[in-house]
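One structure is given here, and the rest of the page talks about it.
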Amino acid sequence: MNWLIEFFGSAEYWSGDDAIPLRLLQHLEYSFLAFAIAALIAIPLGLLIGHTGRGAVIVVVSANAARALPTLGLLVLVVLLIGVGTLWPVLIPLIALAIPPILVNTYEGIRGADPDLRDAAYGMGLRGSQVLFRALLPVALPLILLGLRLSAITVVATATVAAYVGLGGLGRYIIDGLATKNYAEVFGGAVLVVLLALAVQTGFTLLNRVIVSPGVRQVR
Amino acid sequence: MDEPLVRWDWIARNWDNGGPTSVKVLLENHIVMAFVPVIAGLLIAIPLGLACARYRWLYQPTVGIMNVVYSLPSLALFSILLSVTGLTQTTVIIPLTLFSLAVLIPAVVDGMRSVPDHVRQSAVAMGFQPMRRLTRVELPIAVPVVLAGLRVAAVSSISLVSVGALIGQGGLGYLFIDGWQRQFYTPIVVGIVLVVALALVADLVIIAAQRLLTPWARRRA
Amino acid sequence: MITFDGVTKRYADGTVAVDDLSLEVPDGAITVFVGPSGCGKTTSLRMINRMIDPTEGRVLLDGKDVTTVDPATLRRGIGYVIQQAGLFPHRRIVDNIATVPFLLGWDKKKARDRAMELLERVGLDPKMARRYPYQLSGGQQQRVGVARALAADPPVLLMDEPFSAVDPIVRASLQEELLRLQSELHKTIVFVTHDIDEAVKLGDTVAVLRVGGKLAQVAAPADLLSDPADDFVREFLGRDRGIRRLGFVPAKNLALDPAPEGVTPEGHGTFNPARDSLRAALDAALLSPDGLAVAVDDDGRVLGVVGQAALVGAARG
């Protein structure tokens, strides 16, 4: 508790490079960039693979590999290989880790839709893309949102770790605090990261309420 | 880039150099820190999961809490625990146990729900007592679903341990720190390969265990 | 008119689902495809709206080979009802019914009005319109499935085991409902079932298929029951086809005796010669303690009686 007071009460963290609002904005910026790029790649790909049934192997392999890969190792390796300087060396591993949850859930959501629903949709004369967007996508939405949530959580957590290789954001407090044995800073930073993660979690819960049809929500 | 990705002589020299940072020792630490949480998680998740399966009102709040736990970044949890447990393996083991629980409790509940109602009913009708029904009928049928959860928990746990290196307890994760500080690829590559290999072995062991435990569930390929 | 002209469906692994099927499905009537699992009845049905294309032969709709028509366009003109209804879980009932009208670009209001009209037509409370499919029972969902298929008023309706997943009582009421609807709408209906009782109850024509996709017999239900083409059809029809056939013989030709003193509809089995079958009359006789079936008119007035002996004689025909 004292640490929290020390951290949040210190003027050092409210202005300049280490200001909490600035670090928070940085964290959001990196996370959102990586997340948005990952979603732009993974959702269309997942829809395509789920709808056509082609390329399912990629999904399974990428899902397993992503879980096993140590994020810290991947980060330091990629950044060492590409070199520091711009944001991209850090964004690339973040994006790579963010893609699989979205890809897998989008694929599973479309693939796992009730075969009768698919059959009825085609039988009524919906064309391929109409079947996908009017019948399968709305039903797959809860799973796709779950994938997006897991991905966003991964990005926020990994962006914290990425402070170690020079990224800004909330992870800086933890990494810098550990380096200088300033445990109030470490603790305060950690609390901020937890709050951010909870906010992301809540955001997705609300999004789920807004965009998923009640007819689908009740079934699950 | 003059530096090769892997220097084999470094591996030969550092596999077992007698010090606390020899690869062998790091690997052993990694295994301990990765598996203790999974096993502890399983032991806690089974009774909790059974309770959630029986008392339905428990399920939603439990899953809600587990979702929240799962969303917490590991580095943040390690850092917060530092103030309580210091620079010890416990600091890594406790959060990883929580993550395992977040995966395993829903897996146990889903497993129990995967027991077809007609099977449960006929076990009751044949006079199985509740405890016997649980151990002889329901749990065996739930095994595949629980083990699917265990695979996820084990693989995630193995890969997450390395983040602990940032607070000085990361098993193989130390190699990433070492490689970064010395701008030296070999330890990083060795670390990644060993972590992935360890995850793969754990995954295969669980798959093998499932085949042994549930011979009736073997699918024809 | 739908015509199957030497239609064969063979899959890549060599299985033959439908073997050289030639058949005419008359307009404005219910044609039932019936047979055991693996007889190709569903495959045959699905070749009409191009959910499956034949390997050999042609399926003609009003003289036109269906494979020359764009599948989606073809299907929008053919109603399609399947076993589990296949309703869109994310859309309200009214919008489920209006799916095809929406696809055809109808005005929203017109499509919804049409959906509401159909909702009542299939015997559902208009209050159901705002609900989601999960809030309906299986039987209600199936009614919505029928309404949805009728929405754009297609001349042809394909029904693939639509009532198989509901309990017998609900199934019987859905069957009655379909017959009532058909008496008003006169659609060309192809109906697939594995249940021979359902086939003879609903079909104007029944086509019996055997495993391997071969047509065994096509006939009106009464003819099928009295004159099965071979042992397979005989066995498929079951043992009591003699008595079931009586369900297709009208009771109006029975010679009635004057009712003896004191015989009233109460305490006797009754039948209405104007509407009921010989089977109903026989059943009435069996239910009466003195063996007399009492004939009554629409207002319940006694017209006369028939004895068991006379009924059996009539049944022998």
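Because the structure is predicted, anything quoted here is derived from the model rather than measured. Sequence lines set the chain letters: A, B, ... in the order given, protein chains first and strands last, and positions in each chain run from 1.
Chain B forms the most heavy-atom pairs under 4.5 Å with one residue out of A/Val186, A/Val156, A/Leu192, A/Thr154, and that residue is A/Val186. Note on A/Leu170, A/Val76, A/Thr160, A/Val161: by heavy-atom pairs under 4.5 Å with chain B, the leading option is A/Val76. Ranked by non-hydrogen atom pairs under 4.5 Å with chain B, the options A/Gly73, A/Gly189, A/Ala152, A/Gly177 are led by A/Gly73. Interface remark: of the candidates A/Gly188, A/Ala68, A/Ala157, A/Ala68 forms the most heavy-atom pairs closer than 4.5 Å to chain B. In terms of non-hydrogen atom pairs under 4.5 Å with chain A, the most contact-rich of B/Pro187, B/Gly191, B/Ser83, B/Ser157 is B/Ser83. The residue among B/Asp203, B/Val152, B/Val161 with the most heavy atom pairs within less than 4.5 Å of chain A is B/Val152.
Within the 4.5 angstrom heavy-atom criterion, no atom of B/Ala202 approaches chain A. With a 4.5 angstrom heavy-atom cutoff, B/Ala76 touches chain A via backbone and side-chain atoms both. Proximity to chain A involves both the backbone and the side chain of B/Leu166, based on heavy atoms less than 4.5 angstrom apart. Heavy atoms closer than 4.5 Å to chain B are found in both the backbone and the side chain of A/Leu80. Looking at B/Ile177, both its backbone and its side chain come within 4.5 Å of chain A, counting heavy atoms on both sides. Only the side chain of A/Ile175 comes within less than 4.5 Å of a heavy atom of chain B; its backbone N, CA, C and O stay farther away.
A 4.5 Å side-chain heavy-atom check between A/Thr71 and B/Ser159 finds every atom pair outside the cut-off. Using a 4.5 Å cut-off on side-chain heavy atoms (C-beta onward), A/Phe187 and B/Leu82 make no contact. Side-chain contact between B/Phe176 and A/Tyr164 is absent, with no heavy atoms from C-beta onward closer than 4.5 Å. Residues B/Leu75 and A/Val193 form no side-chain contact, since every pair of their non-hydrogen atoms from C-beta on lies 4.5 Å or further apart. When side chains are defined from C-beta on, A/Pro70 counts as touching B/Val196, because their heavy atoms get closer than 4.5 Å. Counting only heavy atoms from C-beta outward, the side chains of B/Asn67 and A/Thr205 never approach each other to under 4.5 Å.
Taking CZ from B/Phe78 and CG from A/Leu178, the interatomic distance works out to 12.0 Å, rounded to the nearest 0.5 Å. With rounding to the nearest 0.5 Å, the separation of OG in B/Ser79 from OH in A/Tyr173 is 14.0 Å. Here CG of A/Leu69 is found 7.0 Å from CD1 of B/Ile192. Values are rounded to the nearest 0.5 Å.
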> Which is it for B/Tyr70 and A/Leu150 under the side-chain contact (heavy atoms from CB on, under 4.5 Å) test, yes or no, and what are the steps along the way?
Replying inline: CA-CA 9 Å; B/Tyr70 195 76; A/Leu150 293 175; 3.9 Å; yes

> Does the pair A/Leu81 and B/Tyr185 meet the rule for a side-chain contact (heavy atoms from CB on, under 4.5 Å), with working shown?
Replying inline: CA-CA 9 Å; A/Leu81 281 172; B/Tyr185 297 123; 3.7 Å; yes

> Taking it one step at a time, do A/Leu198 and B/Leu72 satisfy side-chain contact (heavy atoms from CB on, under 4.5 Å)?
Replying inline: CA-CA 7 Å; A/Leu198 293 181; B/Leu72 304 177; 4.1 Å; yes

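Closest of all the heavy-atom pairs between B/Gly173 and A/Leu72 is O-CD2, 4.4 Å. The nearest pair of heavy atoms linking B/Ile80 to A/Ala190 is CG1-CB, 3.5 Å.
Counting non-hydrogen atoms of other residues, nucleotides and ligands closer than 6.0 Å to CH2 of A/Trp88 gives a total of 12 or fewer. The number of heavy-atom neighbours closer than 6.0 Å to CZ of B/Arg54, taken from other residues, nucleotides and ligands shown, is 12 or below.
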